[in-house]
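Note sheet for the following structure.
Each ligand, and each atom within it, is numbered from 1 in the order the structure gives.
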Amino acid sequence: MHNGLAFLDAPSPNFDARALPVTMIVLHYTGMESAAAALDRLRDPAAKVSAHYLVDEDGTIHRLVPEEKRAWHAGRSHWRGIKDVNSASVGIEIVNPGHEHGYRPFPAGQMGALIPLVAEIKARYGITRGNVVGHSDVAPARKQDPGELFNWHALARLRLALPRPTKNLMDPGWPDAGFIMALERFGYDVTDEQAAVVAFQRRFRPEMIDGEIDMECRCLLLALLLPKPQGDE
Ligand SMILES: [Zn+2]
């Protein structure tokens with residue numbers, strides 16, 4: 001089933017039955033000081049958290065929950081009308097200390113394991129690029145992971161995630177309320193408007209995450225919403 005991918009089984013009891021078909025992949029960072037600590041927590045019945053896979057910094061892939069089951073990784077979340085994101089997604093934890101413990105770039109060996117894992121899962125379920133998202137995209141008011149150092153471009157160039165638009169950028173001139181409506185149309189939960197703007201920037205303009213709606217944000221969001229040439233397929 002997983003062509004060429006090797007796994008270490010590290011079963012977690014933290015799952016239940018899916019209520020929806022799989023249409024998403026959610027990427028996380030572990031946000032803990034070590035991979036061992038993260039694995040312990042993701043397998044602790046008392047913690048009630050898990051993911052389907054954990055990708056260590058050296059590229060080792062641990063399999064925690066069978067894909068047919070609902071792993072508990074996204075928490076209270078929302079994306080493109082789906083509220084039970086856990087039911088609709090495969091969750092992948094990427095080992096990184098995160099913003100609280102010394103956030104650092106994701107090593108090449110780790111990306112080298114993550115990319116074929118995402119490619120294989122995406123192809124097997126026919127998941128669209130726009131539904132390969134970060135935890136911060138589906139829970140903008142609560143989460144920052146995998147964060148602005150995550151190399152979305154490496155996924156996008158292989159058509160595994162949406163690229164940052166670079167062509168035909170035009171400012172639609174939306175007032176801020178219009179931008180928020182467009183952001184909701186794109187998929188974000190905009191209950192906390194500024195958090196949604198920050199999440200959008202973290203994903204599509206990581207060099208300036210200030211929560212301010214500016215011309216570049218409007219240009220990027222318009223290009224992402226247009227069906228061609230850079231919208232979702
Ligand atoms: Zn997360």
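- Applying the ring-ring contact (aromatic ring centres under 6.0 Å, His included) test to every pair with at least one member in residues 112-136, sequence neighbours left out, gives these pairs: His28-His135.
- Evaluation of the side-chain hydrogen bond (donor to acceptor under 3.5 Å, both in side chains) rule for Asp84 yields Arg70, Ser87 as partners, not counting sequence neighbours.
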*Under the salt bridge (Lys or Arg N to Asp or Glu O under 4.0 Å) rule, what do Glu184 and Arg80 come out as? Steps first, then yes or no, please.*
CA-CA 8 Å; Glu184 184 171 40; Arg80 296 190 172 174; over 6 Å; no

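- Only protein N, O or S atoms were scored, and 3 of them lie under 2.8 Å from the Zn ion (ligand 1).
- Residues satisfying the side-chain hydrogen bond (donor to acceptor under 3.5 Å, both in side chains) criterion with Glu207, sequence neighbours excluded, are Arg164.
- Gln110 places a side-chain N or O within 3.5 Å of a backbone atom of Val55 that can act as its donor or acceptor partner.
- When Asn131, Asn86, Thr128 are each tested for a side-chain contact (heavy atoms from CB on, under 4.5 Å) with Met24, only one passes: Asn131.
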